[in-house]
Amino acid sequence: MQKNSQFALLRQRRFAPFFWTQFLGAFNDNVFKTALLTIITYEAASWTTADVGLLNNLIPGLFILPFLLFSATAGQLADKFEKSMLTRYVKLLEIAIMLLAAVGWVTHSLWLLVAAVVGMGLHSTLFGPVKYAYLPQQLKAEELVGGNGVIEMGTFVGILLGEVLGAVLVLHKPWGVELVAGGTIAIAILGWLTSRAIPLTPPPAPRLRINWNPVTETIRNIGYTRQNRTVFLSVLGNSWFWFYGAIMLAQFPLYAKNYLHGDHGVFVLLLTVFSLGIGAGSLLCERLSGHKVEIGLVPFGSIGLSLFGFDLFLASLSYVNTELVGVSGFLGQQGSWRILFDCVMIGVFGGFYIVPLFALIQTRCDPAHLSRTIAGMNIMNALFMVTAALVAMLLLGMGLSIPQIFMVTALMNAVVALYIFLLVPEFLMRFFAWMLIHTIHRVHTVDTDRIPEYGPAVLVCNHVSYVDALVIAAASPRPIRFVMDHRIFAIPLVSWVFRAAKAIPIAPAKEDAQLMRQAYDRIAAALEEGELVCIFPEGKLTRDGEIDAFRSGVQHIVARTPVPVIPMALRGLWGSLLTRSDGNPFERSFRRGFWSRLSLSVGEPLAPAQATPDALRQQVMTLRGDWK
């Protein structure tokens, strides 16, 4: 099935006005915040006597304070009221906040500007639940990763352009602060105008009674989210990303000034390459995920965050310049290009990490509670970002240099990510599957949209290699419970992988009748809960590439739990090192080449009464054709 590019959404009314509204909001936030941080960093003496390092970590913390106080209320409002109307009210609030900030700019009142920072935090708090709950209501399931990718790209491009414009405008003499004051008001008005074109988006819970107590509602929100373990741990993973990003980005102004000895242009350059990296990584997610929610990218992204975060520390050690330089002077210094490359790659892998997590939360959460779940996530994000500011100030107080803070953050990321992925092994399972089909094999899928996105079904496939389950799992839009020969659970590493994926061990009745009965009980329970179950009816790996006779297990399953049966065929795996044969597998593998091309073809669902062993085998043989 032909998939449209994610950029086609930018031509559609259900997406484009919303995209530009959130883009302008992110853009305005960062014009204002960056202008304020820049003026504090480079012209502190004429504005304040407070410690610059303290202010650089305090101001981002104050921006997220409203997330802690008002996210619970914002989530309820987004679930109860129509979203386009709510968005327009939020944009009117932004105009009022920018008018307040304008007074602070022209009167050089730092604390009035700080109050506006808190106000913009409130604006983002109210808009956050609307932003991520809007997409699942307006986009199809196969558009969700691409839509999230475009939104994240737009957000970070808006951040980038806002940071660049804010840093450039505020230091423009003699009208810098006036340009920032007028510019932020104009952007807020433009955002309100684009919001007027957002289509009606009905509320999922219009009868919801608002609980105005933020403490009790926050506790209730987080408690509800914890009922879905995968969603809750995905929320924690999302919040950890903001902890990581908050520490890294908060150091950039002083890192550029005091460690790289650059002017504000160098600071802007660091922000530019980082934001471009985030945008590129977000857009690449759709291509790498195959237009589905591919959570295997999350561990991949986490690995990159640690690897390039640590290398940023190492690259900083080789930077020896002590003279004040601009952008061109910085680029001529030893180690500068490596520093920029690390910043880009941190952004790219950040995109790989965050976009699939958002899509997972959107697809696995109860739609009627999605806005409140997003609000709960925003509360967690705020807690993690406040903690990040405190940790950064603590590390600076302990005498660590900024490159050493990068190193500590990268190491913490490795530890926390490993902990989360061990708690939710589905991430690692999908990562192994994703790596398999993007390294050793090139996988072509045919009609995988026939695998249902919701509801129970039994998947039936020929058994060619030791990695059949991983290939099928990588092609599926949702988790699958595989029925596997019990002997595979005796292999240490393989056992951990399949137990993590909640595979169901089975044995022939003559070998272990009790285990077989337990397997059928677990299969029935999984189907009753609406899950997908995959079985290999041959009961063993093929030794010659041909499809053996199918056993009657599927008939027993659907007789007990009548659900659709979907035939599938794997083609192209036979002859690899991962297949079984009495011959020489190395010789066959050498003839095939290391990077083999394989295919997974999915047939039309069969009714339970039609799912006889002979009929299923014939369907699978037809799907496979002559290609083993």
Considering all heavy atoms, the nearest [X]-[Y] contact:
X: Val118; Y: Pro66; result: O-CG, 3.3 Å
X: Met98; Y: Thr184; result: SD-CB, 3.3 Å
X: Lys83; Y: Thr87; result: O-OG1, 2.8 Å
X: Arg338; Y: Leu314; result: NH2-CB, 3.6 Å
X: Gly326; Y: Asp263; result: CA-OD2, 3.4 Å
X: Trp192; Y: Arg88; result: CD1-O, 3.7 Å

I'd like to know whether Phe67 forms a side-chain contact (heavy atoms from CB on, under 4.5 Å) with Ser124, so could you lay out the CA-CA distance, the side-chain angles of the two residues, the decisive distance to 0.1 Å, and finally the verdict.
CA-CA 8 Å; Phe67 286 89; Ser124 297; 3.6 Å; yes
Looking just at side-chain N and O atoms, do [X] and [Y] make a donor-acceptor pair shorter than 3.5 Å?
X: Thr194; Y: Thr21; answer: yes
X: Glu217; Y: Thr73; answer: no
X: Ser316; Y: Tyr255; answer: yes

Compare all side-chain heavy atoms of [X] with those of [Y] and state whether any distance is below 4.5 angstrom.
X: Phe243; Y: Val391; value: yes
X: His261; Y: Glu323; value: no
X: Tyr259; Y: Ile402; value: no
X: Leu357; Y: Phe241; value: no
X: Val130; Y: Val90; value: no
X: Leu169; Y: Leu165; value: yes
X: Leu395; Y: Met398; value: yes
X: Gln404; Y: Phe313; value: yes

Counting the benzene-type ring for Trp, do Phe32 and Phe63 have ring centres under 6.0 Å apart?
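Ring centres of Phe63 and Phe32 not closer than 6.0 Å.
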Please check if the distance between the ring centroids of Phe352 and Phe349 is under 6.0 Å.
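Centroid distance Phe352-Phe349: below 6.0 Å, so yes.
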Do the ring planes of His123 and Phe127 sit parallel (below 30°), tilted (30 to 60°) or perpendicular (above 60°)?
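Aromatic pair His123/Phe127 classed parallel.
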Aromatic plane relationship, Phe406 with Phe252 - under 30° parallel, 30 to 60° tilted, over 60° perpendicular
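The arrangement is perpendicular - the two ring planes meet at more than 60°.
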Spatial distance of atom [atom1] ([X]) from atom [atom2] ([Y]) [nearest 0.5 Å]:
X: Leu139; Y: Gln12; atom1: CG; atom2: CD; answer: 8.5 Å
X: Leu86; Y: Leu77; atom1: CG; atom2: CG; answer: 6.0 Å
X: Tyr89; Y: Ser84; atom1: OH; atom2: OG; answer: 10.5 Å
X: Ser336; Y: Leu269; atom1: OG; atom2: CG; answer: 9.0 Å
X: Asn238; Y: Met380; atom1: CG; atom2: CE; answer: 10.0 Å
X: Arg14; Y: Phe19; atom1: CZ; atom2: CZ; answer: 15.0 Å

Would Leu331 and Leu340 satisfy side-chain contact (heavy atoms from CB on, under 4.5 Å), going step by step from the backbone distance to the final call?
CA-CA 9 Å; Leu331 294 176; Leu340 293 178; 3.4 Å; yes
Short question: side chain of [X], backbone of [Y] - any donor-acceptor pair under 3.5 Å?
X: Lys80; Y: Leu208; result: yes
X: Tyr319; Y: Gln333; result: no
X: Tyr353; Y: Gly304; result: no
X: Glu82; Y: Pro202; result: no
X: Asp342; Y: Leu312; result: yes
X: Ser306; Y: Leu411; result: no
X: Gln251; Y: Ile247; result: yes
X: Tyr244; Y: Leu305; result: yes

Begin with the C-alpha distance, continue with both residues' side-chain angles, and end with the deciding distance and a verdict on side-chain contact (heavy atoms from CB on, under 4.5 Å) for Lys33 and Leu36.
CA-CA 5 Å; Lys33 285 193 300 181; Leu36 182 56; 5.7 Å; no
Decide side-chain contact (heavy atoms from CB on, under 4.5 Å) for Asp311 and Met345; before the verdict, give the C-alpha distance in whole Å, the side-chain angles of both, and the deciding distance to 0.1 Å.
CA-CA 10 Å; Asp311 194 67; Met345 297 310 293; over 6 Å; no
Which one of Val180, Thr34, Leu179 satisfies the side-chain contact (heavy atoms from CB on, under 4.5 Å) criterion with Val170?
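Only match with Val170 under side-chain contact (heavy atoms from CB on, under 4.5 Å): Val180.
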